[in-house]
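Step one of this worksheet: look at the structure below.
First the proteins, then the strands, lettered A, B, ... as listed; each starts at 1.
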Amino acid sequence: MAHPQTSCVLPSAFFERPVLTVAQELLGKHLLKQTLEGIRGGMITEVEAYDGVQDKACHAHKGLTPRTRVMFGPAGHWYVYLCYGMYWMLNIVTGEEGYPAAVLIRGVGDWNGPGKLTRALHIDRKLNGAVATVQSGLWIEDRGTIIPPSHIKRTPRIGVAYAKEWAEKPYRFVLMSQE
DNA sequence: ACGATGATGAAC
DNA sequence: TTCATCATCGTA
């Protein structure tokens, strides 16, 4: 049997698609960070989609501001912001340039929760606006894992009750654990 | 159930 | 310049 498929760094074209498509397909991919101790990371297990100015839960709902500028830019760049004064949230920009959308990475490997994984991987504002490449030190790889649609659970997003009807949309994707 | 903790955007 | 709000988490 042939050697298992080699790792492939996701190219920007992967992210230049509708945010719901990208969010779903990010499950099973590997988030990797270059640290002083070497390359660390794990499989992406939970994500949320934030979709344009019409999405009341999306920061870009307020329009183009200094904070949301990265989301209006080209796909494949990191959008990192501080939440509740303590936790860094990691997002990857998707879709066409000028259309503000991004995927929030909420679960990686054994880290459950968006603030825990950024703390573990030392991800902070220095990566805001950077491109997801090996050179930038934070990237995503396809290691050949196939995720059947039946292993993906869709639910409303977490912590966005203020978004009214948009809070109910099933924009959260969770990889169900398998034995 | 609640406090830590600071950036953000809007109001004044 | 002040204010309410906030895509969270650990402790109680």
Please report, rounded to the nearest Å, how far the [atom2] atom of [N] is from the [atom1] atom of [X].
{"X": "A/L104", "N": "C/dC6", "atom1": "CG", "atom2": "C1'", "answer": "14 Å"}
{"X": "A/Y84", "N": "B/dG6", "atom1": "OH", "atom2": "P", "answer": "16 Å"}
{"X": "A/W111", "N": "C/dG10", "atom1": "CH2", "atom2": "C1'", "answer": "19 Å"}
{"X": "A/E46", "N": "C/dA7", "atom1": "CD", "atom2": "C1'", "answer": "11 Å"}
{"X": "A/H61", "N": "C/dA7", "atom1": "NE2", "atom2": "C1'", "answer": "15 Å"}
{"X": "A/Y81", "N": "B/dT5", "atom1": "OH", "atom2": "C1'", "answer": "15 Å"}
{"X": "A/K56", "N": "B/dG9", "atom1": "NZ", "atom2": "P", "answer": "19 Å"}
{"X": "A/L82", "N": "B/dG6", "atom1": "CG", "atom2": "P", "answer": "8 Å"}

> What would the secondary structure line of DNA chain C be in dot-bracket form, counting Watson-Crick and G-U wobble pairs under 3.5 Å, with [ ] for pairs that cross earlier ones and | for pairs with another strand?
Replying inline: ||||||.||||.

>> Any side-chain to backbone donor/acceptor pair from A/W78 onto A/L138? Under 3.5 Å, distance only.
In response: yes

> Can you tell me how far the NZ atom of A/K62 sits from the NZ atom of A/K56, to the nearest 0.5 Å?
Replying inline: 11.5 Å

Tell me which nucleotide among [options] gets nearest to the side chain of [X].
{"X": "A/K62", "options": "C/dT8, B/dA7, B/dA10", "result": "B/dA10"}
{"X": "A/V160", "options": "C/dA7, B/dT5, C/dC9", "result": "C/dA7"}
{"X": "A/R67", "options": "B/dT8, B/dA10, C/dG10", "result": "B/dT8"}
{"X": "A/P66", "options": "B/dT5, B/dG9, C/dA7", "result": "B/dG9"}

> Using a cut-off of 4.0 Å on non-hydrogen atoms, how would the nucleic acid contact of A/R125 be classed: base, sugar-phosphate, or nothing?
Replying inline: sugar-phosphate

> With a non-hydrogen cut-off below 4.0 angstrom, is A/M89 in contact with a base, only sugar-phosphate, or nothing?
Replying inline: sugar-phosphate

> Quick one: are the ring centres of A/Y81 and A/H59 less than 6.0 Å apart?
Replying inline: yes

With respect to the phosphate group of [N], does any side-chain polar atom (N or O) of [X] fall under 4.0 Å of OP1 or OP2?
{"X": "A/Y162", "N": "C/dA7", "answer": "yes"}
{"X": "A/R119", "N": "C/dG10", "answer": "yes"}
{"X": "A/R106", "N": "C/dT8", "answer": "yes"}
{"X": "A/H59", "N": "B/dT8", "answer": "no"}

> Is the Lys NZ or Arg CZ of A/R17 less than 6.0 Å from the centre of A/F15's six-membered ring, within 45° of the axis?
Replying inline: no

>> Within 45 degrees of the ring normal and closer than 6.0 Å to the centroid, is that where the cationic atom of A/R157 sits relative to A/Y50?
In response: yes

> Is the count of non-hydrogen atoms from other residues, nucleotides or ligands lying under 6.0 Å from A/D124 atom CG greater than 12?
Replying inline: yes

> Taking the nucleotide of DNA chain B with the closest heavy atom to each, which residue, A/T65 or A/Y87, is nearer the 5' end?
Replying inline: A/Y87

> Do A/R172 and A/T155 get their side chains close enough for a donor-acceptor pair, meaning under 3.5 Å?
Replying inline: yes

> Taking atom types as modelled and ignoring hydrogens, do the side chains of A/E141 and A/W139 form a donor-acceptor contact shorter than 3.5 angstrom?
Replying inline: yes

> Is there aromatic stacking of A/Y50 against C/dA7, centre distance under 5.5 Å, plane angle under 30°?
Replying inline: yes

